[in-house]
2 protein chains.
Amino acid sequence: MNERLIAHYRIDANPGEARRRAAALAVEQSIEMPPDAVGDAFVRTEVMGRVESVEPDPTDPELSIARIALATDTVGDEPGQLMNMLFGNCSLQPDVMLIDAELPASLVGALPGPGYGIAGLRKAVGAGRRALSCTALKPQGLGPDALAALAYTFARSGIDVIKDDHGIADQPYAPFDARVPAVQRAVARANREGGGHTVYAPTISGGPARIARQLDLVHAEGVGAVLACPMLIGIPVFAELVRARANVPVIAHPAFAGAVRIAAPLLLGRLFRLFGADATIFPNHGGRFSYDRATCDAIARYAREPLEDHPPALPVPAGGMSVDRVDELLDQYGLDTMLLIGGNLLEAGDAMPERAAAFAQRVADALGQSS
Amino acid sequence: MNERLIAHYRIDANPGEARRRAAALAVEQSIEMPPDAVGDAFVRTEVMGRVESVEPDPTDPELSIARIALATDTVGDEPGQLMNMLFGNCSLQPDVMLIDAELPASLVGALPGPGYGIAGLRKAVGAGRRALSCTALKPQGLGPDALAALAYTFARSGIDVIKDDHGIADQPYAPFDARVPAVQRAVARANREGGGHTVYAPTISGGPARIARQLDLVHAEGVGAVLACPMLIGIPVFAELVRARANVPVIAHPAFAGAVRIAAPLLLGRLFRLFGADATIFPNHGGRFSYDRATCDAIARYAREPLEDHPPALPVPAGGMSVDRVDELLDQYGLDTMLLIGGNLLEAGDAMPERAAAFAQRVADALGQSS
């Protein structure tokens with residue numbers, strides 16, 4: 001009943017000032033009113049946040065790391081409320097960043113976690129112990145037939161997972177109801193003809209009614225996975241509707257996740273996994289985005305490390321990657337990884353099928369040096 | 001069909017470098033692949049983002065403002081997709097901030113907008129042309145009876161709207177199903193006894209199934225308003241479920257909005273309003289949060305300015321405010337405002353009823369110098 005979770009915040013202040021900020025944070029993220037005005041003893045001892053420690057940030061002496069213990073009961077086992085307690089009001093304070101969270105076993109157990117995990121995704125695509133390959137249908141603006149033709153080519157080339165570009169949702173040029181059956185049938189035809197097991201992951205988007213209809217169509221068409229952006233559709237929706245009703249592996253995409261100052265390993269690695277992601281896409285270092293290598297390694301670690309009874313989730317580095325980096329990337333991340341390459345394949349123009357096949361083959365053949 | 005919305009980004013680069021970044025942004029927020037690899041003419045001309053202008057930021061020569069035109073069709077009239085197109089992937093790039101968006105009339109008209117607006121909220125609480133007062137039930141951890149007693153006192157003191165603290169959601173110490181009837185009945189009793197029209201706004205939270213049940217109870221108990229955090233429950237959920245099914249005024253709370261890399265006036269003022277907020281809470285300058293006065297004025301302006309056929313939304317400055325600032329605040333914001341004071345009332349301890357009554361009275365009596 002009086003279990004605590006411990007949130008780690010990086011505060012833009014040296015330790016002296018940071019102690020004061022940390023005390024304020026402990027109040028802000030719990031009772032949100034002056035402690036002296038709280039008459040209720042239970043609230044003061046069991047609900048009010050508590051500063052566990054304030055220390056200099058080892059990477060930067062101008063910054064401090066505060067560990068704040070919050071009552072798990074304030075979360076009520078609800079994913080959106082967990083985010084509220086971790087970073088609700090203090091998200092509005094620019095000098096504070098949420099960098100990590102120690103969650104008690106009871107809370108971790110109460111969250112959905114991945115339904116399929118790495119093993120389930122491997123099984124879906126017929127992979128043994130090897131890494132997986134993934135590409136994206138691009139660009140948005142293409143109609144269903146063009147997307148289906150692209151998907152057919154990708155599937156015949158042997159790529160394991162074909163996802164919608166996250167921007168392809170339910171627009172007039174390729175509505176979900178027209179696109180998904182067309183692409184799924186193309187992928188299924190490619191699998192029959194080529195003997196492969198490529199899986200299509202369309203983007204699930206919109207409000208709950210629309211999402212429910214999209215999932216109905218996913219089931220009716222035999223689609224093998226889905227993609228969703230938890231920050232766009234809402235974390236509780238992701239956890240409740242997508243994870244609980246998808247009945248296929250769920251790939252999380254980080255769109256809109258950067259607008260909040262939460263460290264990527266925590267958000268994309270651990271939290272999205274706890275909310276139901278079987279795979280988690282993140283921007284790879286050296287590409288179009290700015291995460292450094294240590295951050296990327298940490299995202300992968302958080303996605304795969306032991307987490308009570310939850311299976312590991314597949315890290316999916318993406319963004320500005322190229323086929324010639326496959327071996328280097330799998331040396332870095334190991335084989336429990338899915339590499340996502342989109343634009344680099346399409347850049348090959350007429351030689352796209354060959355490059356796609358090379359991508360699929362190099363991933364399938366790679367031994368990886370670490371796991 | 002080829003209408004454009006224009007997103008404004010502040011880029012952490014001088015204009016020379018910013019031109020290059022802006023071109024990349026235009027691609028990132030539309031086709032998300034190298035333009036040369038796009039064979040489809042329709043996509044290249046009608047879907048790909050277009051840089052409209054790049055200029056130095058008038059407030060800081062080290063920064064630049066890029067205006068990027070994106071095809072409205074990529075939004076598909078869906079609120080989550082609008083956020084995706086405005087700030088999906090580039091949210092992951094720390095040198096970019098979304099500061100404004102010019103939306104075409106057709107898109108604005110397609111979004112829900114407030115169902116009640118300022119006039120509807122005034123009517124609900126029986127106010128004429130005056131400003132409104134609001135307070136919060138705090139702290140979380142109190143049980144339903146304690147919260148109901150607090151609500152009774154606030155309502156008897158004449159405060160117009162009593163909201164749940166945004167942290168009070170559906171926790172074991174005050175589950176929604178127990179809390180809401182208790183508080184509503186206390187407020188109703190206070191209204192009967194005192195002749196007032198205080199409205200209670202409980203926090204709607206969780207996944208879609210839970211939200212639907214909460215709204216059912218809101219209706220069954222005759223509750224007069226609801227509070228929701230769009231970023232926590234998900235923007236599409238807010239727009240679809242809460243706005244469309246609430247059938248009472250909806251107050252938006254900025255928890256998790258972390259509005260540092262999306263400018264607050266745009267997010268809390270215009271977008272939350274377009275997604276269905278009748279009132280929008282924001283951190284007031286000089287309180288516990290860091291918005292400056294100009295930003296606060298802009299939030300209020302965006303909430304109330306003409307926006308096609310949508311009614312204005314009520315700005316609700318909050319956070320660290322005190323009763324002795326009422327006149328100053330209403331001079332600043334005008335009478336089309338609701339002031340939210342929480343902790344300052346409870347700090348009065350045994351004198352809380354008197355302070356609450358003073359708050360309600362000063363707001364009701366204030367003439368305000370500007371509107």
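Letters A, B, ... mirror the listed sequences (proteins, then strands); counts begin at 1.
The main-chain N or O of P139(B) is never found under 3.5 Å from a side-chain atom of E32(A) such that the two would form a donor-acceptor pair. The backbone N or O of T74(B) lies less than 3.5 Å from a partner atom in the side chain of Q171(A), making a donor-acceptor pair. In this structure a side-chain-to-backbone donor-acceptor pair under 3.5 Å is present from E240(A) to A209(B). Checked by atom type and distance alone, the side chain of E78(B) never pairs as donor or acceptor with a backbone atom of D170(A) at under 3.5 Å.
With rounding to the nearest 0.5 angstrom, the CZ atom of F256(B) is 4.0 Å from the CE atom of M231(A).
Most heavy-atom pairs under 4.5 Å with chain B: of the set L142(A), I235(A), V75(A), this distinction falls to L142(A). The candidate from L241(B), V43(B), D36(B), I211(B) with the greatest count of non-hydrogen atom pairs under 4.5 Å with chain A is V43(B). The choice from G234(B), P236(B), P175(B) that makes the most heavy-atom pairs within less than 4.5 Å of chain A is P236(B). Of the listed residues (G39(B), G207(B), A24(B), S205(B)), the greatest number of heavy-atom pairs within a distance under 4.5 Å of chain A belongs to G207(B). Ranked by heavy-atom pairs under 4.5 Å with chain B, the first of A239(A), A255(A), G342(A), A212(A) is A255(A). Heavy-atom pairs under 4.5 Å with chain A were tallied for A146(B), G206(B), G80(B), P94(B); the largest tally goes to G206(B). Options D165(B), V96(B), D40(B), V38(B) differ in how many heavy-atom pairs under 4.5 Å they form with chain A, and the most are formed by D165(B). For the options P79(A), P230(A), G349(A), G141(A), heavy-atom pairs under 4.5 Å to chain B are most numerous at G141(A).
For F282(A), no part lies under 4.5 angstrom from a heavy atom of chain B. With a threshold of 4.5 angstrom between heavy atoms, H166(A) approaches chain B through its backbone and through its side chain. For P254(A), the parts lying near chain B are the backbone and the side chain together; criterion is any non-hydrogen pair under 4.5 Å. For a residue to count as touching a neighbouring chain, one of its non-hydrogen atoms must lie under 4.5 Å from one of that chain's; by this rule F238(B) does not touch chain A. Interface remark: V237(A) contributes backbone and side-chain atoms alike to the contact with chain B (heavy atom separation under 4.5 Å). At a 4.5 Å heavy-atom cutoff, A136(A) makes no contact with chain B through either its backbone or its side chain. Of the two parts of M85(A), only the side chain, counted from C-beta on, holds a non-hydrogen atom closer than 4.5 Å to a non-hydrogen atom of chain B. Of the two parts of P208(B), the backbone and the side chain both hold a non-hydrogen atom closer than 4.5 Å to a non-hydrogen atom of chain A.
Residues G76(B) and P172(A) approach most closely at CA-CD, 4.3 Å, considering heavy atoms. Of all heavy-atom pairs spanning Q140(B) and S30(A), the tightest one is NE2-O, 3.2 Å. Across every non-hydrogen atom of G343(A) and M33(B), the tightest pair is CA-CB, 4.3 Å. Here the closest non-hydrogen pair linking A37(A) and L346(B) is CB-O, 3.4 Å.
Of the options L232(A), T203(A), I233(A), a side chain to side chain contact (heavy atoms under 4.5 Å, CB included) to N84(B) is made by L232(A) and by none of the others.
Crowding of D350(A) atom CG: a count of heavy atoms from other residues, nucleotides or ligands under 6.0 Å not exceeding 12.
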